[in-house]
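Have a look at the structure below, then the notes.
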Number of protein chains: 2
Amino acid sequence: MAGDQDHALLLVEDDAKLAALLDRLFTGEGYTVDVARDGQSGLHHALTSRYAVMIIDRGLPAIEGVDLVRKVRSRGVATPILVLTARGTTEDRVEGLDAGAEDYVVKPFEIDELLARVRALLRRHTDTSARLDLGERYLDVTARRVVGGAAAPIELSGRENELLQLFAAHPTQVFTRDELRRLVFQDADSPGAVDTYVYYLRRKLGRDVIRTVHGLGYRMGSA
Amino acid sequence: MAGDQDHALLLVEDDAKLAALLDRLFTGEGYTVDVARDGQSGLHHALTSRYAVMIIDRGLPAIEGVDLVRKVRSRGVATPILVLTARGTTEDRVEGLDAGAEDYVVKPFEIDELLARVRALLRRHTDTSARLDLGERYLDVTARRVVGGAAAPIELSGRENELLQLFAAHPTQVFTRDELRRLVFQDADSPGAVDTYVYYLRRKLGRDVIRTVHGLGYRMGSA
DNA sequence: GAGTGCTCTGAGGTTCCTCTGAGATTCGCG
DNA sequence: CGCGAATCTCAGAGGAACCTCAGAGCACTC
């Protein structure tokens, strides 16, 4: 199972050679790749893990590619899907798109084109879904800044962004310092860092963005 | 490169026979014709020269026709584009137009119809100066310079122009160095060039035209 | 074939981010 | 109230990321 959802990619491809090639290719580009060899296992992955993009071959054993797309979509999974196909006829293409795929690539394809299309899918998808509600304002996760209200946008550093992201995604939950350290600060030994970054966020966004729960930890200010 | 901008026409067509035919045809009608044989070279022409109209075939090597349209538009070039295609389905047509093409002709076509459609495009679209908003000033893409405000116009080099185009066309988006390298600097290995050109633009236009997002990349200054 | 302008490299200096640690402040409880 | 524990505040060290710029290589011009 892939851990990093932002760059996790599901590849459903029965041809071992092609699967290995694409796996290497995308791994080299910084993606975390899960490979499924047939439609059944592909469906299982698609429904149990979260991916940024799925690449599905049309000619699959167990479940045909287009059926797989249809099944995944019928379960409410909105992840962008790119279909690989050997046949490039219009009917073929329309069928894939009608089933709910965002894009299709005809084999044999240029490696660069495939990469470009995957990037395009990621871009389009993340562009619209990377905002977290902050009451009056919102956090633009990809641009790493807080926008909204009358004031000018407030730029955040990488750590500040990660920390605020976590709080904003779980507005009611109380996080202990230990949890925050594990989730946001990779180094296990940075006891004071959590406090410091809470302080930074408060200084930039106002004392109330994050509330202290004495003896327990922190939680989101609003709600 | 075509000199007379008012009647310059870019033809991107890989079929040598068809290219030669259309070249003769439009030259005979008084147009100055540049012919590109593949998408890569077509993109280069489209971004570096100024045309009254572009005719792009869908089935191209290197870059697919619709992708070429998308790329040209994403750089802020507003020149009317007519797409040639062998497939005439609705899906197909919608995609071409969504990418930013103005019109659409299905092969095989009548010569007279093509001429008529090009004339119609020219009539509709007499103002072909591509301008991108830059806050106080604007970037004249085709003239490769920044105009407006109290100061004198500032001339840009080719690379500077391409880079600023990309930023100005997507004012809110953060671009990583990798993306910029792929989109603006065709050569894959030019790690420091991105930084250098950001520096050049800042030196010419002020430190704030492009903002740094530490650890991520760059984005447009305004907005 | 010298001159000019553009592109990109690489090295050194600078800025920014991250985290530490120590003193000041607040909190909870007897 | 008074005390210990928890929390807040912030200066600063270390290192990574970034900026600046001189200059080499190249293409194009006259």
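Because the structure is predicted, anything quoted here is derived from the model rather than measured. Atom set for the values below is all heavy atoms of this structure, side chains included, hydrogens, waters and symmetry mates excluded. Residue numbers begin at 1 in each chain, while the letters A, B, ... track the order of the sequences.
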Worksheet item: Do the side-chain N and O atoms of B/Thr212 and B/Arg202 include a donor-acceptor pair separated by under 3.5 angstrom?
Response: yes

Worksheet item: Between atom CG in B/Asn161 and atom C1' in C/dT7, what is the gap in whole Å?
Response: 15 Å

Practice prompt. Assign each of B/Leu156 and B/Ala193 to its nearest nucleotide of DNA chain C by heavy atoms, then name whichever residue's nucleotide is nearer the 5' end.
Written response: B/Leu156

Worksheet item: Taking CG from A/Leu180 and P from D/dT7, how many angstroms apart are they, rounded to a whole number?
Response: 12 Å

Worksheet item: Near A/Gln173 CD, under 6.0 Å, is it more than 12 heavy atoms from other residues, nucleotides or ligands?
Response: yes

Worksheet item: Counting side-chain heavy atoms from CB outward, which of C/dC17, C/dT20, C/dC6 is closest to A/Ser157?
Response: C/dC17

Worksheet entry | Length of the CD1-P vector between A/Ile210 and D/dT9, whole Å | 12 Å

Item to complete: Output the distance between atom CG (A/Leu10) and atom NE2 (A/His45), rounded to the nearest 0.5 Å.
Response: 6.5 Å

Discussion item. Any carboxylate oxygen within less than 4.0 angstrom of a Lys/Arg side-chain nitrogen, looking at A/Asp195 and A/Arg177?
Written reply: yes

Worksheet item: Any donor-acceptor pair under 3.5 Å linking the side chain of A/Arg144 with the backbone of B/Leu216?
Response: no

Worksheet item: Considering the terminal five base pairs at each end of the helix from C/dG1-D/dC30 to C/dG30-D/dC1, what angle separates the two local helix axes, rounded to 10°?
Response: 30°

Response to the item:
Residue set satisfying ring pair (Phe, Tyr, Trp, His ring centres under 6.0 Å) with A/Tyr138, at least two apart, ordered chain then number -> none

Response to the item:
Hits for ring pair (Phe, Tyr, Trp, His ring centres under 6.0 Å) against A/Phe175, two or more places apart or cross-chain, chain-then-number order -> A/Phe167

Practice prompt. Check the distance between C/dT7's P and B/Glu162's CD and give it to me in whole angstrom.
Written response: 8 Å

Worksheet item: Whole Å only: how far is the CZ atom of A/Phe185 from the C1' atom of C/dT18?
Response: 9 Å

Worksheet item: Who passes side chain to side chain contact (heavy atoms under 4.5 Å, CB included) against A/Glu155, sequence neighbours left out?
Response: A/Arg145, B/Arg219

Response to the item:
Heavy-atom nearest nucleotide on DNA chain C taken for B/Glu160 and for A/Glu160; more 5' hit belongs to B/Glu160

Item to complete: Would you kindly give the CD-to-C1' distance between A/Glu155 and C/dT15, to the nearest whole Å?
Response: 16 Å

Donor-acceptor pairs under 3.5 Å, side chain of residues 14-22 of chain B to any protein atom, not counting sequence neighbours: which ones?
{"residue": "B/Asp15", "atom": "OD1", "partner": "B/Lys17", "partner atom": "N", "Å": "3.1"}

Practice prompt. May I ask you to verify if any side-chain N or O of B/Arg159 is less than 4.0 angstrom from the OP1 or OP2 atom of C/dC6?
Written response: no

Worksheet, complete the sentence: Under a 4.0 Å heavy-atom criterion, the protein footprint on nucleotides 16-30 of chain D, written with B, S and -, is -SSSBB-B-------

Worksheet entry | Atom pair distance, as rounded to whole Å: NZ in A/Lys204 and P in D/dC8 | 18 Å

